[in-house]
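What you see is a predicted model, and the numbers here were worked out from it, not measured in a lab. Along the sequence shown, residues are numbered consecutively beginning with 1. Computation of the quantities below employed the complete heavy-atom set of this structure, encompassing side-chain atoms and omitting hydrogens, waters and symmetry-equivalent molecules.
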Amino acid sequence: MSSYKPADSKREEFRKYLEKAGVMDALTKVLVGLYEEPEKPNNALDFLRQHLGSSGPETADVEALKLEVTDLRQKVEKLCEENAELKQKLAEFEAAVPAEQAVEN
């Protein structure tokens, strides 16, 4: 029996590793979801794949969204600068109009 202890020790270490990484909880939640499913899917393995993969957004999606956010921030900054310039021009124009009206009177 002493020859089985190293294997049991490795299994226990691996089980602790899976628990610490949250794998056991994730698997348990998906399996409970499958158990509670009123109409069992034809392919249980596909069900597991779909529900394990849906825990978070895809990396490509996250990267695309980050690029979009960066692009939109640049556009907002440019529009804010343009807005400030237009406000300044409007103020100059409004200041010039009363001066012209005063000269006409």
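- Ion pair E85/K89 not flagged as a salt bridge, since none of the NZ, NE, NH1 or NH2 atoms sits closer than 4.0 Å to an Asp/Glu carboxylate oxygen.
- Taking OH of Y17 as the reference point, atom CE of M24 lies at 13.0 Å (rounded to 0.5 Å).
- Residue N42 qualifies as open at atom CG: its count of foreign heavy atoms under 6.0 Å is 12 or below.
- Between L34 and A44, the closest heavy-atom pair is CD2-CB, 4.0 Å.
- Residues passing the side chain to side chain donor-acceptor pair (under 3.5 Å) test with N83: none are found, sequence neighbours excluded.
- Sorted by first and then second residue, the side chain to side chain donor-acceptor pair (under 3.5 Å) pairs with a member in residues 64-79 form an empty list; sequence neighbours excluded.
- Atom-to-atom distance recorded for L27:CG and L18:CG is 8.0 Å, nearest 0.5 angstrom.
- Annotation: the span from D8 atom CG to E13 atom CD amounts to 11.5 Å, rounded to 0.5 Å.
- For the atom pair CD (Q88) and CG (L86), the distance works out to 10.0 Å, reported to the nearest 0.5 Å.
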Start with the C-alpha gap between H51 and F47, add the side-chain angles, then the distance that decides, and say whether side chain to side chain contact (heavy atoms under 4.5 Å, CB included) holds. CA-CA 6 Å; H51 288 82; F47 179 90; 3.1 Å; yes
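- D61 CG to L65 CG: the interatomic distance, rounded to the nearest 0.5 Å, is 6.5 Å.
- Crowding of E82 atom CD: a count of heavy atoms from other residues, nucleotides or ligands under 6.0 Å not exceeding 12.
- We find that R15 and E12 are joined by a salt bridge, their nearest charged nitrogen and carboxylate oxygen being less than 4.0 Å apart.
- Heavy atoms from other residues, nucleotides or ligands lying under 6.0 Å from NZ of K20 number 12 at most.
- Two different hydrophobic clusters hold L67 and L72 under the rule that ILVMFWY side chains link at heavy-atom gaps under 4.5 Å.
- Evaluation of the side chain to side chain donor-acceptor pair (under 3.5 Å) rule for E37 yields no partner, not counting sequence neighbours.
- V32 and L52 are assigned to two separate hydrophobic clusters, defined by single-linkage of ILVMFWY side chains at heavy-atom distances under 4.5 Å.
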